[in-house]
Amino acid sequence: MSSNNQKQFSDRTSRAANFDAASSEDVVRQAPAAGDAGQMDHIAERTRKKTKTKANKKLIVTGLIFAGLFAVSLYLMTDSPTVNTSEEAVQALESGMSTTLPVGVRIQSNDERLDGQDLTITHSSREDECKIYIWDYAAEDGDYVQVIVDGIAICDPFMIKHDPVAFTVPAVGEIQVLGTRDGGGGITYAVHCDVNETTYFNGTDVGDGNLYTLIRE
């Protein structure tokens, strides 16, 4: 082989080797390293976990909201007694008292202003003390009253609700239910005395009150 031919062959061989080396370097640069691939898988797994955690949190929050709404609706349904529309309830509204309706009875759905009256309660109990129960027989609209015994307040003003509040008072004396706040439509309430098992349906205005005089026969 001539020297020119040998030189051309060497040049071609050198260029081919350089090309193969350059191609190999490009492949190495383009192909991700094993550590990089593992890191990418780790990032993808973390992303999936975060997405799943967020979805679970949303489901939990949604569940808690629905549970809360259900609890509130259940509370409202159980807390509000049904309005008694029986003949006894109608007569109680007309007369202002009842010996048969239960403590805590509700006989109106909304407050209607009622002319208040002072009452004398006679009884034959030999006990020194008795109990009275006070509640709102209409709507729970923010009416407040205070109980005063023989001129002395025995409690702070409180909101009357459908659930009766009990007080121990002297079996002989003067019990005043004083109106302190009107939630609207007048302050209407019921008071039940256990010495004669009678419930009185009454009304008052702010700063005014009804006097119940307990007398032993």
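- Contact annotation: the side chain of D194 approaches that of K131 to within less than 4.5 Å [non-hydrogen atoms, C-beta and beyond].
- Under the 4.5 Å side-chain contact rule for hydrophobic residues, V145 and V105 do not share a cluster.
- Atoms CD1 and CG, from I121 and L214 in turn, are 5.0 Å apart once rounded to the nearest 0.5 Å.
- Judged as a side-chain hydrogen bond (donor to acceptor under 3.5 Å, both in side chains), and not counting sequence neighbours, the contacts of S86 are N84.
- Here the side chains of P170 and V149 are in contact, with some heavy-atom distance below 4.5 Å.
- In this structure, V177 and N202 have side chains that are not in contact, with every pair of non-hydrogen atoms separated by 4.5 Å or more.
- In this structure, D136 and I160 approach most closely via the heavy-atom pair CB-O, 3.7 Å.
- For residues 99-131, no residue pair satisfies the ring pair (Phe, Tyr, Trp, His ring centres under 6.0 Å) rule, not counting sequence neighbours.
- Listed by chain and number, the residues in a salt bridge (charged side-chain N to carboxylate O under 4.0 Å, His left out) with D150 amount to none (sequence neighbours excluded).
- Note on M97 and V191: same hydrophobic cluster, where clusters join Ile, Leu, Val, Met, Phe, Trp and Tyr whose side-chain heavy atoms are under 4.5 Å apart, directly or indirectly.
- Taking each heavy atom of A190 and T199 in turn, the nearest pair found is CB-CG2, 4.1 Å.
- Members clustered with L211: none, using a 4.5 Å side-chain heavy-atom cutoff among hydrophobic residues.
- Each of E140, H192, R106, H162 was compared with W135 under the side chain to side chain contact (heavy atoms under 4.5 Å, CB included) criterion, and only H192 meets it.
- Within the 4.5 Å cutoff, no side-chain heavy atoms of P164 are placed close to those of I134.
- A 4.5 Å side-chain heavy-atom check between I107 and V90 finds every atom pair outside the cut-off.
- Scanning both residues, V195 and C130, for their nearest heavy atoms gives CG1-CB, 3.0 Å.
- Ring geometry, F158 versus F167: the interplanar angle falls from 30° to 60°, so the pair is classed tilted.
- Separation of atoms CD (E174) and OG1 (T120) is listed at 9.0 Å; rounding is to 0.5 Å.
- A pairwise comparison of heavy atoms in A139 and D111 identifies N-OD1, 3.3 Å as the closest pair.
- Side-chain contact between L119 and T213 is absent, with no heavy-atom pair separated by less than 4.5 Å.
- Considering all non-hydrogen atoms of both residues, T188 and A138 come closest at OG1-CB, 4.2 Å.
- Judged by distance alone, with hydrogens and angles left aside, the side-chain atoms of N210 form a donor-acceptor pair with the main-chain N or O of G203 at under 3.5 Å.
- Cluster annotation: V165 is not connected to V103 through the hydrophobic network of ILVMFWY side chains, with a link wherever side-chain heavy atoms come within less than 4.5 Å.
- Just one of Y133, Y200, Y212 meets the side chain to side chain contact (heavy atoms under 4.5 Å, CB included) condition when paired with C193; it is Y200.
- Of the N and O atoms on the side chains of Q146 and T180, not one donor lies less than 3.5 Å from an acceptor on the other residue.
- Rounded to the nearest 0.5 angstrom, Q91 CD and S98 OG are separated by 8.5 Å.
- Shown here are the side-chain hydrogen bond (donor to acceptor under 3.5 Å, both in side chains) partners of D141, two or more places apart in sequence or in another chain: there are none.
- Residues passing the salt bridge (charged side-chain N to carboxylate O under 4.0 Å, His left out) test with D182 are R113, sequence neighbours excluded.
- Within the structure, no pair that satisfies the salt bridge (charged side-chain N to carboxylate O under 4.0 Å, His left out) test touches residues 207-217, not counting sequence neighbours.
- Take F201 and apply the ring-ring contact (aromatic ring centres under 6.0 Å, His included) test, not counting sequence neighbours, and it matches Y137.
- Hydrophobic cluster membership of V172, counting Ile, Leu, Val, Met, Phe, Trp and Tyr whose side-chain heavy atoms lie under 4.5 Å apart directly or via other members: none, as it forms a cluster of its own.
- The hydrophobic cluster containing M159, built from Ile/Leu/Val/Met/Phe/Trp/Tyr side-chain heavy atoms closer than 4.5 Å, also comprises Y144.
- For T204, there are no side-chain hydrogen bond (donor to acceptor under 3.5 Å, both in side chains) partners at least two apart in sequence or on another chain.
- Contacts of Q108 classified as side-chain hydrogen bond (donor to acceptor under 3.5 Å, both in side chains), with partners at least two apart in sequence or in another chain: E112.
- Using a 4.5 Å heavy-atom threshold, the side chains of I148 and I175 count as separate.
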